[in-house]
Amino acid sequence: MTRPAGAVLPLARLGEGLRRIDGRGYKAYRDVEGSYAGDGFVLHLDHAQGDPFAPPSRVRIAVAPATAALPDEALAGKVRRLAVADYLLRRLRAAVAAAGRDRPRGMGTSGLVAVARPGQEVLERTAVVVRPDGSVEARLGVGLPARGRTVLGREAEELLCVVLPALVRQALADAAREAEELRRWWQVVEDQAWLRERLAGMGLVAFVADGSVLPRESGASDRPLRGPGVVPFRAPEGRLAVTVHLPHAGPVRGLGVPAGITLITGGGYHGKSTLLRALERGVYDHVPGDGREGVVTVAGAVKIRAEDGRRVERVDISPFIGRLPGGQDTRCFSTENASGSTSQAANIVEALEAGATCLLVDEDTSATNFMIRDRRMQALIPADREPITPFIDRVRQLHRERGVSSVIVVGGSGDYLDVADTVILMDAYRPQDATAAAREVAARFPI
């Protein structure tokens, strides 16, 4: 089929072309690549796969504003449109699954309709895009039907010309029918984005709303843990309790994590790392019902960990590592197999170069010799023989000179009590302000 470049043909022409190549070799699908206008939408077959076992073909369906019929309030602002697109993507996945199109119906990918699988976060994706004028574009992977390596043109006609537009329309119809749920969706997302922009001005690096559910189902699932044993988060009374006034939810009380050096401590299995993981994901907006939609962290927060064996390329780790044996220059450090300490140093420097304003560190995933070096080891190993300047010696300087805060989970190193501005003690998943008690302990047991 020949057509002018960029031309949009009637959808009927696609059906004609598919019937014409019925029974031919699979590569004949390439003949019908192009754009086709239907009733209120345009279908773009951007790339037809050359083999039924190849990755699915790339298809876009662009729906006109009048057909999409999204309410004007759903289009007001980038954050709101992003939330609406996220909602439509989830409804599209549900429609595809309900129609039984989420799995192949033949060899290879034949008959499959593949839609991006969103997680618990609301992210800017290309799978569904909502534009300011109210038009909607859905992007899907489609396994073009085949018998062996022979084109099934009539099945492809039904799939492309009937089924796909109907699935997209179903997602839009679901959104219209569930208008209140859609409104709640973008309101929850807008509240998170609004608060994230204002945390620094409030002197905070994070906020955790009362009632948040931080534990997840399992290490393989990011869904919230359910059941009678789940402990909803609640901020302790006192200076860490903060009330924020959100545009849609109104006044919300929770824990404000101050800028500076904050320790999260407590016994094993009491929720220290769970809280830090929630703060780590708080740089993203979360869907309603996730349990962490009230956990918001400054956009510049970065999780730091040791990564034994990672590649490092020309990173200045000299603030933490100097005078390596063999004379290797740590001001421009490269290696194919970094140690725990050099990898963690490189991760911090790279984060700072990328604009990080808050470092999130868990001692369980850190190199011990990078985090701390106690008095006995200092006595045994002279300073001129130890190339590592531990993080504890730099953390205060990072905040004072660079304005970079740190939130650190510690359960075994009391030395960090000396440098902490705030200490949060987790007790059976309930936070307590232990700052005063920590200072008293640090004074009683000086290092």
Side-chain angles (χ1 to χ4, degrees), residues 195-196 199-209 212 214-215 233 235-236 238-242 254-267 270-284 292 294-306 344-345 347-352 354-367 370-372 390-427 429-435 438-439 442:
L195 179 57
R196 187 173 295 107
L199 283 174
M202 300 166 61
L204 303 176
V205 295
F207 175 82
V208 185
S212 296
L214 307 187
F233 192 91
R239 70 183 186 95
L240 296 183
V242 175
L255 171 72
V257 181
I261 318 304
T262 298
L263 302 188
I264 302 174
T265 189
H270 280 255
K272 304 185 302 295
S273 295
T274 300
L275 174 56
L276 190 75
R277 281 193 293 269
L279 298 181
E280 174 188 352
R281 306 305 294 178
V283 298
Y284 304 115
R292 298 170 298 183
V295 182
V296 179
T297 308
V298 291
V302 177
K303 175 69 183 297
I304 299 296
R305 61 174 299 155
Q344 193 161 355
N347 285 341
I348 291 175
V349 173
E350 289 167 341
L352 296 176
T357 58
C358 180
L359 306 179
L360 308 176
V361 185
D362 191 332
E363 66 177 5
D364 283 351
T365 56
S366 296
F370 179 81
M371 294 297 292
I372 196 77
F391 186 62
I392 192 172
D393 290 350
R394 291 286 192 231
V395 65
R396 174 58 58 192
Q397 184 182 7
L398 276 170
H399 184 245
R400 184 178 63 249
E401 297 181 5
R402 301 288 296 268
V404 177
S405 298
S406 296
V407 181
I408 311 167
V409 168
V410 293
S413 176
D415 287 4
Y416 274 90
L417 299 179
D418 281 330
V419 298
D421 299 309
T422 302
V423 179
I424 299 171
L425 174 68
M426 297 299 294
D427 183 8
Y429 286 89
R430 293 181 173 87
Q432 301 175 11
D433 185 356
T435 307
R439 287 173 180 165

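Computed from a predicted model, the values in this text were never measured in an experiment. Residue numbers run from 1 in the order of the sequence given.
- Separation of atoms CG (Leu214) and CE (Met426) is listed at 7.0 Å; rounding is to 0.5 Å.
- Applying the salt bridge (charged side-chain N to carboxylate O under 4.0 Å, His left out) rule to Arg281 yields the partners Glu121; only residues at least two apart in sequence or on another chain are considered.
- In terms of the side-chain contact (heavy atoms from CB on, under 4.5 Å) criterion, residue partners of Leu425 (sequence neighbours excluded) are, by chain and number, Thr265, Gln432, Ala434.
- A heavy-atom distance below 4.5 Å is not found between the side chains of Ser366 and Phe391.
- Evaluation of the side-chain hydrogen bond (donor to acceptor under 3.5 Å, both in side chains) test over residues 355-364, restricted to residues two or more places apart or in two chains, returns Ser273-Asp362.
- Of the possible donor and acceptor atoms, none in the side chain of Glu280 sits under 3.5 Å from a partner among the backbone N and O of Lys303.
- Applying the salt bridge (charged side-chain N to carboxylate O under 4.0 Å, His left out) test to Asp421 and every residue at least two apart in sequence or in another chain returns Arg396.
- Checked against side chain to side chain donor-acceptor pair (under 3.5 Å), Glu350 has the following partners two or more places apart in sequence or in another chain: Arg310.
- Between Thr262 and Val205 the shortest side-chain heavy-atom distance does not fall below 4.5 Å.
- Thr435 pairs by the side chain to side chain donor-acceptor pair (under 3.5 Å) definition with Arg239, Asp433, not counting sequence neighbours.
- Every residue two or more places apart in sequence or in another chain that forms a ring pair (Phe, Tyr, Trp, His ring centres under 6.0 Å) with Phe370 is listed here: Phe320.
- Not counting sequence neighbours, the partners of Ala438 by the side-chain contact (heavy atoms from CB on, under 4.5 Å) test are Leu417, Val423.
- In this structure, the side-chain contact (heavy atoms from CB on, under 4.5 Å) partners of Ala301, at least two apart in sequence or on a different chain, are Val283, Thr297, Val298, Cys358, Leu360.
- In this structure Ser413 satisfies the side chain to side chain donor-acceptor pair (under 3.5 Å) test with no other residue, sequence neighbours excluded.
- With sequence neighbours left out, Arg196 forms a salt bridge (charged side-chain N to carboxylate O under 4.0 Å, His left out) with Asp285.
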